[in-house]
Amino acid sequence: MEMEAEKKRLFERQKRRNPTLIEKSGEAILDLVVIDQDKGMGDRLLVTLAKSNQELGLPWTRLKVGSPIVMSSVSDRKSMQITESKQGVVSKRGTRSIQVALAEIPAGSRFRIDLAGNDITHRRHLQAIAQVKLATGRLGRLRDMFFGHRPTRFQPPTEKLSFETDLNPSQQAAVNRALGAKDVAIIHGPPGTGKTTTVVELIIQCVRRGEKVLACAPSNTAVDNLVEKLTNKKQNIVRLGHSARVDEKLRDTSLDQLVSQHENSSIIREMQREIDSLHHQADRHTRARPAPGMRRSLRQEAKHLKSSIRLLELQAIDHIIERADCICATTAFDTRVLAEHFFDLCIIDEACQCVEPGCWQPIAHSQRVVLAGDHCQLPPTIISETAAQEGFGLSLLERLHQLLGEPCTELLETQYRMHDQIMDFSSRRFYKGRLVGHASVQTHVLADLPGVEGNSLTDHPVTFIDTAGTGWQEELEPDGESKRNPNEANLVVRFCNHLMASGLQPEKISVIAPYAAQGRLLRSINPNQAIEIDTVDGFQGRENEAVVISLTRSNPNGEIGFLSDERRMNVALTRAKRKLIVIGDSATLSSSDFFVRLVEYFEAIGAYQSIWESDWWNPEDSL
């Protein structure tokens, strides 16, 4: 269902004729030309594209490094009729150009690139399901346990651990519980609690015990985060995956790079030169008629050499993986690479953002499993509503937390990101009030930063501006389906300007707009491009010194749409470190118990301001 929904969305996007509508979705870039191309690893082409008018920068886009794309040639700028398409991956992105890695450039001179679905990933998920359903032995036991048919087993560590990292007590408890799990353990990491730091320490402890670890995450960004931290700890790791999806500064750890440095590589290069020579001889035109079958014989010899190269590459891959202590990959890695390799422990970070079949693929290669994440934040992104209703949106971590409960779960309780007043509502609403701010962040505010002056905005950690009664009603974006609120957007820009006037650098300000149309409007009126503006999903796992949230919804019917998703709001409210500004219409929001309690909390901490009494807005300036 999900695969078909992705194909349908791509088809509908590609058949649109209005360029503005296509590009503003963030899932396509139009009117591109090739400005450079180079040979990448593994016979891939690295193609750099820019707007045909190269004075123009690229628009805001969801196409990030590692995103699967379709590069298409188009007949002309007006009709945008697609003539040929090739699949690839974004390998680099700048403000004026974007680089993609692909096997072949589609024929043409003008191009577009679209975010693509990933059929390969879905097919691997289906293979994993089939394997698990039929499994016996260890994988079959894990399957039965994960469906409640067998009890989980723990054996506390027999010796006191010497930790590589300065962990707090709850982090130490999580590592101990994971090491004592014979089958499965869950590390529940709320915002800012150092979940990845804890996962890295667990990997180090396992390696010290002589164990081999498979560490996965659903996104390349999350995997690279793990790789960077492990590299800093001098661990012997190998990063699997398409080299274009690996952060440039980490490519020395990639399997492609390590294979190119392996002792077999010189033999492979020599054989490749011989293959090229054989093809050249076979294709060369000569006056004398070649002997019968000679060209066929040359091509056959080249084919045999190519098979030999593949065997040498597989031999190098096996050698490299065998010597590594930890293999890092996305959950959708190519299972052929690991083949018969087996691991003592599989760790899946950000497991709540991964659909369950994606978790079973690495689990199938492992003896024990540790899932790390937070089921109180965003679940996996699902396009098909029917698939979500059938359970595809329920992550394995969340399902096991519901099934197995506290005995398998360790909550990380100390957070290192937010001022206490930014943290407290989330702690009470989602984590039973168990979160405690570390002393280094409990009271920090913007005015503590060098160069930031103290005033009523920078001296206090939270501000809520209530726009009720202004008549600033939401509107449907022209020719679109998403909501926006122009007056509220203007107020957001004013707050950003006040923060910068107080001395805060623009790159330390982020704006979260739950509605994509509001984000597009804000990007069009915001004068400073260094201020990042994105949806809640775009900010998952990230943070900044100051965050402004534009809730957007304002209508007489109390309709709040997907603002009613409490987990989405938990993410939005916990991105700020020192200053959180929330703008919304309390009259509209009051249809939700969540927002009633949130506004009550803002009132209790003195953060509530009606716009009519706010120092930051003159009602006569309304649009």
Side-chain angles (χ1 to χ4, degrees), residues 1-32 34 44 46-51 57-74 80 82 84-95 97-103 105-106 110-125 218-222 241-242 244-246 330 332 353-355 358 378 380-385 387 480-482 513 515-517 519-520 523 532-540:
M1 288 176 181
E2 182 69 6
M3 186 160 32
E4 291 305 315
E6 285 187 357
K7 289 178 180 177
K8 181 180 178 182
R9 186 174 71 168
L10 176 62
F11 175 75
E12 289 177 346
R13 186 169 63 242
Q14 288 187 335
K15 72 180 182 181
R16 290 174 183 163
R17 290 290 179 262
N18 185 327
T20 304
L21 289 180
I22 296 171
E23 281 199 327
K24 74 180 182 182
S25 70
E27 297 182 346
I29 307 177
L30 310 180
D31 194 26
L32 296 168
V34 174
R44 303 180 187 108
L46 298 176
V47 181
T48 303
L49 300 114
K51 285 285 189 177
L58 297 180
W60 172 82
T61 177
R62 297 186 187 281
L63 301 176
K64 301 176 181 178
V65 173
S67 295
I69 57 95
V70 173
M71 179 177 170
S72 306
S73 53
V74 294
M80 289 188 300
I82 291 173
E84 186 179 7
S85 296
K86 301 292 181 182
Q87 290 191 321
V89 173
V90 177
S91 52
K92 190 184 294 185
R93 193 183 78 176
T95 57
S97 65
I98 187 166
Q99 185 188 77
V100 298
L102 69 176
I105 302 175
R110 196 177 296 274
F111 305 92
R112 62 182 282 175
I113 54 176
D114 291 83
L115 187 65
N118 199 332
D119 285 2
I120 294 174
T121 296
H122 291 307
R123 287 197 292 270
R124 289 174 182 169
H125 288 176
S219 71
N220 284 286
T221 301
H242 194 307
R245 289 186 165 109
V246 181
T330 63
Q353 295 176 51
C354 183
V355 294
L378 288 174
T381 300
I382 305 297
I383 298 172
S384 168
E385 293 182 8
E481 300 176 353
S482 184
Y515 283 84
R520 288 190 281 269
R523 279 187 286 274
E532 189 171 13
I533 301 167
D534 209 338
T535 60
V536 180
D537 301 60
F539 278 103
Q540 171 92 343

Query - Pairing residues for P106 by the side-chain contact (heavy atoms from CB on, under 4.5 Å) criterion, not counting sequence neighbours - result: M71, S73, E84, K86, L102, F111
Report summary line: Hits for side-chain contact (heavy atoms from CB on, under 4.5 Å) against R520, two or more places apart or cross-chain, chain-then-number order -> K24, E477, S482, A516, A517, R523
Please report the interatomic distance [atom1]([X]) to [atom2]([Y]), rounded to the nearest 0.5 Å.
X    : Y    : atom1 : atom2 : result
T221 : Q540 : OG1   : CD    : 12.0 Å
K92  : S97  : NZ    : OG    : 8.5 Å
L32  : L30  : CG    : CG    : 7.5 Å
L115 : S67  : CG    : OG    : 5.5 Å
H122 : E4   : NE2   : CD    : 9.5 Å

Requested in this report: Could you go through the side chain to side chain contact (heavy atoms under 4.5 Å, CB included) check for I29 and L58 one step at a time?
Outcome: CA-CA 8 Å; I29 307 177; L58 297 180; 4.2 Å; yes
Query raised in the report: Between T95 (side chain) and G57 (backbone), is there a donor-acceptor pair under 3.5 Å?
Result: no
Query raised in the report: Taking only residues two or more places apart in sequence, or in another chain, which ones meet E532 in a side-chain hydrogen bond (donor to acceptor under 3.5 Å, both in side chains)?
Result: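 Result, side-chain hydrogen bond (donor to acceptor under 3.5 Å, both in side chains) vs E532: R542.
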Requested in this report: Mind checking side-chain hydrogen bond (donor to acceptor under 3.5 Å, both in side chains) for T121 and listing every partner two or more places apart, or none if nothing turns up?
Outcome: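 In terms of side-chain hydrogen bond (donor to acceptor under 3.5 Å, both in side chains), with neighbours along the sequence ignored, T121 is linked to N118.
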Query raised in the report: How far apart are the C-alpha atoms of R112 and E27, what are their side-chain angles, what is the distance that settles it, and do they pass the salt bridge (charged side-chain N to carboxylate O under 4.0 Å, His left out) test?
Result: CA-CA 11 Å; R112 62 182 282 175; E27 297 182 346; over 6 Å; no
Query raised in the report: Would K8 and E2 pass as an ion pair if we require N to O under 4.0 Å?
Result: no
Query raised in the report: With a cut-off of 6.0 Å (strictly less than), are more than 12 heavy atoms of other residues, nucleotides or ligands near CD of E6?
Result: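 Atom CD in E6 is packed in, count exceeds 12.
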Does any non-hydrogen side-chain atom of [Y] lie less than 4.5 Å from one of [X]?
X    : Y    : value
I113 : I98  : yes
S219 : T330 : no
I533 : W60  : no
D534 : R62  : yes

Report task. Give the C-alpha distance, both sets of side-chain angles, the deciding distance and a yes or no for side chain to side chain contact (heavy atoms under 4.5 Å, CB included) between V355 and I382. Result -> CA-CA 9 Å; V355 294; I382 305 297; 3.7 Å; yes
Query raised in the report: Can you name the closest pair of heavy atoms from S91 and L46 and give their distance?
Result: OG-CD2, 4.0 Å
Query raised in the report: Which heavy atom of Q353 sits nearest a heavy atom of L378, and at what distance?
Result: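 In this case the closest contact between Q353 and L378 is CG-O, 3.9 Å.
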Query raised in the report: With respect to V100, which candidate in L63, L49, V89 satisfies the side-chain contact (heavy atoms from CB on, under 4.5 Å) definition?
Result: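 When L63, L49, V89 are each tested with V100, the side-chain contact (heavy atoms from CB on, under 4.5 Å) holds only for L49.
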**Report entry** Non-neighbouring partners of E385 that pass salt bridge (charged side-chain N to carboxylate O under 4.0 Å, His left out), sequence neighbours left out
**Finding:**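 Testing E385 for salt bridge (charged side-chain N to carboxylate O under 4.0 Å, His left out), a comparison that skips the adjacent residues, returns none.
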Query raised in the report: With K64, which residues qualify under salt bridge (charged side-chain N to carboxylate O under 4.0 Å, His left out), at least two apart?
Result: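 Partners of K64 by the salt bridge (charged side-chain N to carboxylate O under 4.0 Å, His left out) criterion come out as none, since no residue qualifies.
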Report task. Assess whether salt bridge (charged side-chain N to carboxylate O under 4.0 Å, His left out) is satisfied between D31 and R110, documenting all intermediate values. Result -> CA-CA 6 Å; D31 194 26; R110 196 177 296 274; 2.4 Å; yes
